[in-house]
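Beneath this line is the structure, given in structure tokens, with notes to follow.
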Amino acid sequence: MLKQRVRLVVGNWKMHGRLAGNAALLQMTAQGAAALSGSVQVGLCVPCPYLAQAQSLLEGSRVAWGVQDISAYTTGAYTGEVAAEMALEFGASLAIVGHSERRAYHRESIELVALKTGQALAAGLTPIVCVGETLAEREAGLTQQVVGAQLGGVLDKLSVEAAARIVVAYEPVWAIGTGKSATAVEAQEVHAFLRGLLRAKDPIVARVPLLYGGSVKPENARELFLQADIDGGLIGGASLKGEEFLAICKAADRAGAEQ
Ligand code: PGA
């Protein structure tokens with residue numbers, strides 16, 4: 001029997017949402033997820049102030065929740081930071097780390113992303129480690145070099161057991177929020193490369209879910225999710241629209257059931 005691949009679709013709300021609107025979106029996502037066949041796992045990464053709201057409206061549903069970043073430190077004088085254990089206290093199970101917006105606007109280095117990954121794992125959260133190249137890097141033929149260094153910098157710091165507990169998201173910077181997704185073939189090519197890096201760490205690590213992110217929509221989700229090394233998606237803009245997000249989850253659910 002074929003071992004079914006884990007499908008995972010995670011929404012990244014970024015700095016969007018307000019209490020009133022969130023409630024409807026969280027409830028709709030929880031209800032929609034209940035109708036999925038179970039071939040996909042669903043998560044939402046919300047702004048930290050809304051963790052308690054996500055917990056109260058998603059607890060008991062099939063939707064996991066989490067944060068979009070965490071501190072590289074456990075506790076202490078780090079004004080403005082949120083520790084992984086704090087997120088855990090609100091039932092979070094996911095933490096995005098190394099999103100390209102944080103690498104670009106907050107100067108996060110590969111080393112810092114590795115520290116954050118370690119913090120998430122130590123607290124028992126699943127880190128979703130984001131990697132991706134800019135358009136200039138792609139055009140210069142540097143895609144593999146860039147994403148290889150970003151993922152390698154994290155894998156080098158982890159034991160095989162720890163590395164097997166991460167999730168990786170390939171998000172080409174030029175496709176994020178632009179409406180211009182990578183084609184399924186372009187994405188698969190990079191995913192196959194990343195899978196090779198994971199396998200080189202250990203065959204067990206090769207099984208970690210590899211998500212694609214960057215302008216995923218209901219219209220392109222199915223083709224992306226049917227690729228050999230694309231196990232789901234990290235969804236920005238479309239996760240703010242309940243119907244679109246659920247349609248993407250459904251596409252992953254079906255892809256999971258078909259393969
Ligand atoms: P997008 O964002 O779906 O709006 O392109 C994806 C992301 O940044 O995670």
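Each ligand, and each atom within it, is numbered from 1 in the order the structure gives.
Heavy-atom contacts of K14 reach the following atoms of ligand 1: 2 (O), 7 (C), 8 (O) (cutoff under 4.0 Å). Applying the 4.0 Å criterion to heavy atoms of G177 picks out, from ligand 1, the atoms 1 (P), 4 (O), 5 (O). Heavy-atom proximity to A175, at under 4.0 Å, picks out these atoms of ligand 1: 5 (O). Close approach to N12 involves these atoms of ligand 1, each under 4.0 Å from a residue heavy atom: 9 (O). With ligand atoms numbered from 1 in the order given, ligand 1 contributes 1 (P), 3 (O), 5 (O) to contacts under 4.0 Å with heavy atoms of S215. Contact atoms of ligand 1 toward G214: 5 (O) (distance under 4.0 Å to a heavy atom of the residue). Those atoms of ligand 1 that come under 4.0 Å of a heavy atom in H99, given as number and element, are 7 (C), 8 (O), 9 (O).
Looking at I176 against ligand 1, both its backbone and its side chain come within 4.0 Å, counting heavy atoms. Neither the backbone nor the side chain of S239 has a heavy atom within less than 4.0 Å of ligand 1.
Put simply, the side chain of V168 does not reach to within 4.5 Å of the side chain of P209, judged on heavy atoms. Looking at heavy atoms from C-beta onward, E133 lies out of side-chain contact with V173 at the 4.5 angstrom threshold.
For Q145, the CD atom sits in a loose shell: 12 or fewer heavy atoms of surrounding residues, nucleotides or ligands are nearer than 6.0 Å. Around CD of E137, the count of heavy atoms belonging to other residues, nucleotides or ligands within 6.0 Å exceeds 12. Other residues, nucleotides and ligands contribute over 12 non-hydrogen atoms within 6.0 Å of the CZ atom of R102.
For atom 4 (O) of ligand 1, the closest non-hydrogen atom on the protein side is G237 N, 2.8 Å. The protein heavy atom nearest to atom 7 (C) of ligand 1 is E171 OE2, 3.1 Å. Annotation: atom 3 (O) of ligand 1 to nearest protein heavy atom, G236 N, 2.9 Å.
Using a 30° and 60° split on the angle between ring planes, Y78 and Y73 fall in the parallel class, below 30°.
Each of H106, E171, E108 was scored for a side chain to side chain donor-acceptor pair (under 3.5 Å) with H99, with one residue passing: E171.
Here the CD atom belonging to Q119 is positioned 10.0 Å from the NZ atom belonging to K116, to the nearest 0.5 angstrom.
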